[in-house]
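Written below as structure tokens is the structure these notes are about.
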Amino acid sequence: MTGAPQALNQPALKAALLRPQGSFGRVEIVGTTGSTNTDLAGSAGDPHQLWPDLSVLIADAQEAGKGRLGRTWVVPAGAAMISSVFLRPGDRAPSAAGRPGSGAGSAPTSDAPTFGAPAAGQPAGGALPFDAHTSGASAFALTGYAWLSILAGVALCEALRVHTSVPAALKWPNDVVVNGRKLAGILAQLVPFTTGGPGVVVGAGVNVSADAHQLPTDRATSLLLEGAIPEALDRNVLLPAYLNTFAALYNEFVAAAGDAAAPLIGGVGGGRSLLELAAQHMSTLGQEVRAELPGGAMLHGTATGLGNDGSLLIRDAAGTFHTVSAGDVIHLRRTETDGTLNYA
């Protein structure tokens with residue numbers, strides 16, 4: 001079996017992702033970039049560019065990828081599936097007409113794609129979560145924004161299980177793992193606007209054909225190393241599988257007003273809530289864990305469930321329940337019976 005990557009087929013990808021065949025309003029594909037999240041957050045925050053809800057930026061290689069807590073991630077050409085999706089769920093509200101980026105009452109100044117830093121005076125994207133005063137999107141629950149990275153993880157697990165037979169699972173808060181090793185990372189980033197609700201960029205990087213020496217740590221893995229057949233390593237198949245699943249699940253979540261406990265009506269949710277779907281895919285639940293908190297504090301206990309805001313519920317040895325959010329945790333590790341720690 002060989003891990004030689006296949007080149008991205010731009011016409012085929014755009015045909016599979018853009019409406020009406022796909023679910024996206026704008027698709028841009030580049031060769032090498034620093035970070036698709038940084039580029040898309042900067043461009044979507046520029047009022048002179050039109051990036052509608054459900055736009056996506058795809059890259060073949062990434063030189064300064066962003067992870068949680070400012071960690072970096074470098075990807076050689078062809079070795080990974082790299083994408084960032086721009087979302088503006090508040091645009092679905094009846095009052096959204098005419099908001100920047102809504103596609104109503106605005107037009108791009110140029111047809112050429114532009115990526116990079118925001119225009120002068122425009123805020124750069126920041127990490128989720130955010131304060132309630134940044135949002136004017138009354139039709140989408142504020143707690144729903146914190147679920148968008150988990151939603152991406154659910155969609156990625158669903159797509160990978162169907163198209164590669166690799167048993168992908170979620171590790172709270174934002175990783176996808178296989179057999180205890182990291183296969184993919186997901187990062188959600190806020191794009192503030194001066195009017196209307198905020199936008200969010202949700203980036204995902206999946207190790208596809210990377211060999212062991214190309215991975216940053218022995219805690220990482222790839223589809224190739226997990227035994228996926230060569231046909232399952234084709235990013236021209238995997239990208240539409242993941243992204244269109246993501247879009248379908250996102251549309252169901254928006255229809256549920258961003259309520260993670262509400263049933264999702266559609267082909268992905270099938271009447272289950274996003275909370276239920278996440279719990280179904282999340283290997284963290286039921287495990288003994290150690291949460292490393294800011295200031296060096298450690299919380300030991302059993303991960304028992306998820307809160308309605310996507311937080312993790314941990315029961316300590318005394319039976320007391322603690323709620324931790326993604327922004328609270330520096331590292332989350334699984335604790336073995338002998339006290340040793342593992343990544344997942």
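As the structure is a computational prediction, the values presented were derived from the model and not from experiment. Counting from 1, the numbers follow the sequence of the chain as shown.
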Is there a side-chain contact between [X] and [Y], using heavy atoms and a 4.5 Å cut-off?
{"X": "Leu293", "Y": "Val329", "result": "yes"}
{"X": "Ile58", "Y": "Thr36", "result": "no"}
{"X": "Leu332", "Y": "Val324", "result": "no"}

Practice item. Go through Leu275 and Trp147 one step at a time and tell me if the side-chain contact (heavy atoms from CB on, under 4.5 Å) criterion holds. Key: CA-CA 9 Å; Leu275 196 156; Trp147 278 91; 4.0 Å; yes
Expected output: side-chain [X] to main-chain [Y] donor-acceptor under 3.5 Å:
{"X": "Thr304", "Y": "Arg315", "result": "no"}
{"X": "Asn236", "Y": "Ala7", "result": "yes"}
{"X": "Asp316", "Y": "Ala318", "result": "yes"}
{"X": "Asp53", "Y": "Arg88", "result": "yes"}
{"X": "Ser55", "Y": "Pro52", "result": "yes"}
{"X": "Arg26", "Y": "Leu50", "result": "yes"}
{"X": "Thr217", "Y": "Ala220", "result": "no"}

When you compare the side chains of [X] and [Y], does any donor N or O come within less than 3.5 Å of an acceptor on the partner?
{"X": "Asn174", "Y": "Ser149", "answer": "no"}
{"X": "Asp309", "Y": "Ser311", "answer": "yes"}
{"X": "Thr32", "Y": "Glu63", "answer": "no"}

Review point. Do NZ/NE/NH1/NH2 and the carboxylate oxygens of Arg181 and Glu226 come within less than 4.0 Å?
Key: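 Glu226 and Arg181: salt-bridged.
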To the closest 0.5 Å, what do you measure between [atom1] ([X]) and [atom2] ([Y])?
{"X": "Gln280", "Y": "Arg272", "atom1": "CD", "atom2": "CZ", "value": "5.0 Å"}
{"X": "Leu264", "Y": "Asp259", "atom1": "CG", "atom2": "CG", "value": "9.0 Å"}
{"X": "Leu8", "Y": "Asp60", "atom1": "CG", "atom2": "CG", "value": "4.5 Å"}
{"X": "Phe86", "Y": "Glu28", "atom1": "CZ", "atom2": "CD", "value": "14.0 Å"}
{"X": "Arg290", "Y": "Leu341", "atom1": "CZ", "atom2": "CG", "value": "4.5 Å"}
{"X": "His163", "Y": "Glu158", "atom1": "NE2", "atom2": "CD", "value": "10.5 Å"}

Review point. Looking at Val202, Val85, Val268, Leu148, which one forms a side-chain contact (heavy atoms from CB on, under 4.5 Å) with Tyr250?
Key: Leu148
Practice item. Sort out for me which residue in Leu233, Asp234, Ile229 forms a side-chain contact (heavy atoms from CB on, under 4.5 Å) with Glu231. Key: Ile229
Exercise for review: Give a yes or no on whether Leu313 and Val289 share a hydrophobic cluster (residues Ile, Leu, Val, Met, Phe, Trp, Tyr; joining criterion: side-chain heavy atoms under 4.5 Å apart).
Suggested key: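 No; Val289 is not reachable from Leu313 via cluster members.
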Check your understanding: Linking I/L/V/M/F/W/Y whenever any side-chain heavy atoms sit under 4.5 Å apart, do Leu223 and Val237 land together?
Key -> no
Exercise for review: Fit a plane to each ring of Phe246 and Tyr242, take the angle between them on a 0 to 90° scale, and name the class: parallel (under 30°), tilted (30 to 60°) or perpendicular (over 60°).
Suggested key: perpendicular
Practice item. State whether Tyr343 and Lys182 meet the cation-pi test: NZ (Lys) or CZ (Arg) under 6.0 Å from the six-membered ring centroid, and within 45° of the perpendicular axis. Key: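 No, Lys182 does not lie over the aromatic ring of Tyr343.
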